[in-house]
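Please read these numbers as outputs of a predicted model, since none were measured by experiment. All chains are named by letter (A, B, ...) in the order of the sequence lines, taking the proteins before the strands, and each is independently numbered beginning at 1.
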Amino acid sequence: MKKVVENANDLMYLLKSGMTIMSGGFGLCGIPENMINAVSDSELKDLTVISNNIGVDNFGLGKWLTKRQIKKILASYVGENKEFERMLINGEVEMEFVPQGTLAERIRAGGAGIPAFYVATGVGTEIAEGKETKTFDGKTYIMERGLKADIALIKAWKGDDAGNLVFKATAQNFNTAMAMAGKVTIAEVEEIVPSGSLDPNHIHVPGIFVQHIFEGKNYEKRIERITLSNQI
Amino acid sequence: MALTKEQIAQRIALEIKDGYYINLGIGIPTLIANYIPDDVHVTLHSENGLLGMGPFPSDENVDADLINAGKQTVTVLPDGAFFDSSMSFAMIRGGHIDLTVLGAFEVSEAGDIASWKIPGKMIKGMGGAMDLVAAADNIIVAMQHTNRAGESKLLKKCTLPLTGANCIKKIVTDLALLELDERGFVLKERAPGVSVDHIQKSTEGNLIIEGEIPEMKL
């Protein structure tokens, strides 16, 4: 089966309203810009979105928010999005805050066939409310569930026809685990390279986790906080 | 004189030992990197997937793909490493980070910390703070002793939603260095020129004063 397609629009038939969608990235770093834009240009709605953050006003996943395409969000930090904070206070969107490490592990576990696991994170806080607890070696842990998605949208630096992916710097973040947790994973990359040109020793995500791949266009790669050495 | 933010960072830097892997939170903790002595080699961890975090970049070295947990542009040192979020938190949860320094709104005498949410006012999320405080044996909280109205932030019981329960063992404020044990806040050092009496008045939680309390050496 051919995994490579021309662009984001070729894959939009896979996405339906009401789906659970994972979207990779940390802040605006390593986000699947092409697929995010294609969804925001569509009429999709009632999406459940799993992502560490929710973009900024009118960029990244913030575009889906502005268009009221999101029903529910699972994220660890949404502080960069003022529109979202307003919607949350007005009850216009459902929100489940998940500690960042728990979120990463829930996604990894979901993709690795692990339905639940125990962590100490959140014990004694509101995160633990309603969750099963268990004591191991005298310490209390709470049970967290693995997460899966109908579609995982991820972004890598380079990829090949087989769907093997390589990331650059800190743009890897949640993309790796999400590749595993998507029932269908769509990878967009800055460059599709010829078969055999990626060193198998250096693959971050093996192609088995990637069903569709395309070379993205016009990456904006917006930076939230440009901080320079001569400013401090 | 109460310590400046830079002096709080400077005092915490004295707690750092050669070879440490360290996670520094946003705010005062970030400043600590400026005060680590040259002969103490440490590796900075950023939870978005970076070990060996270097200084902020020069104009020509800015890379949108290379940021820290505060979403600031940074650099990577020659012996650094990149990895994914689940591995990054395996480092944290698995106890591989030697020291975590973070800020707080409130700390209680039982070692509870509140740092992520002010109901009705601020709903941003906890990010990685809950994972960090639940996992680390060695956590230092860097904070102001009182709020702008002069009310203590070192309390009998936290009033805000918790980030973690019974997990904080050391605090450096603008007034003092304190350690926590089952009795409460144990006063270990005073900021230069700050009296024990002043610290007592600024601490709502149980403050333990044992013997002469030395002044901090910065």
A:Phe26 and B:Asn68 have their tightest heavy-atom pair at CE2-O, 3.9 Å
Nearest heavy-atom approach of B:Asp84 to A:Asn173 is CB-O, 3.4 Å
Minimal heavy-atom distance between B:Asp65 and A:Ala169, with the atoms involved, is O-CB, 3.2 Å
So, the part of B:Pro57 with a heavy atom under 4.5 Å from chain A: the answer is both
Okay, B:Ser88 and chain A: the region with an atom under 4.5 Å from a heavy atom over there is neither
Taking the side chain as everything from C-beta on, heavy atoms only, tell me whether A:Ile223 gets closer than 4.5 Å to B:Val62. yes
Per-residue tally against chain B (heavy atom, under 4.5 Å) across A:Glu224, A:Glu105, A:Arg222 peaks at A:Glu224
Bottom line for B:Asn61: the part with an atom under 4.5 Å from chain A's heavy atoms is neither
Most contact-rich option vs chain B, by heavy-atom pairs under 4.5 angstrom, among A:Asn52, A:Asn175, A:Ile127, is A:Ile127
Most heavy-atom pairs under 4.5 Å with chain B, out of A:Ala120, A:Ala171, A:Ala128, A:Gly79, belong to A:Gly79
So, the part of B:Ala114 with a heavy atom under 4.5 Å from chain A: the answer is neither
Note to self: In the structure I gave you, are the side-chain heavy atoms of B:Phe83 and A:His204 within less than 4.5 Å of one another anywhere?
What the structure shows: no
Review point. Heavy-atom distance under 4.5 Å between the side chains of A:Phe97 and B:Lys117, does that happen here?
Key: no
Cut-off 4.5 Å, heavy atoms of chain A, and the answer for B:Ile92 is neither
In terms of heavy-atom pairs under 4.5 Å with chain B, the winner among A:Ala104, A:Ser76, A:Gly30 is A:Ser76
Looking only at heavy atoms, the pair that brings A:Ser229 and B:Phe56 closest together is CB-O, 3.2 Å
When the 4.5 angstrom heavy-atom criterion is applied to A:Glu190 and chain B, the contacting part is side chain
May I ask you to test the A:Arg225-B:Thr73 pair for a side-chain heavy-atom distance under 4.5 Å?
no
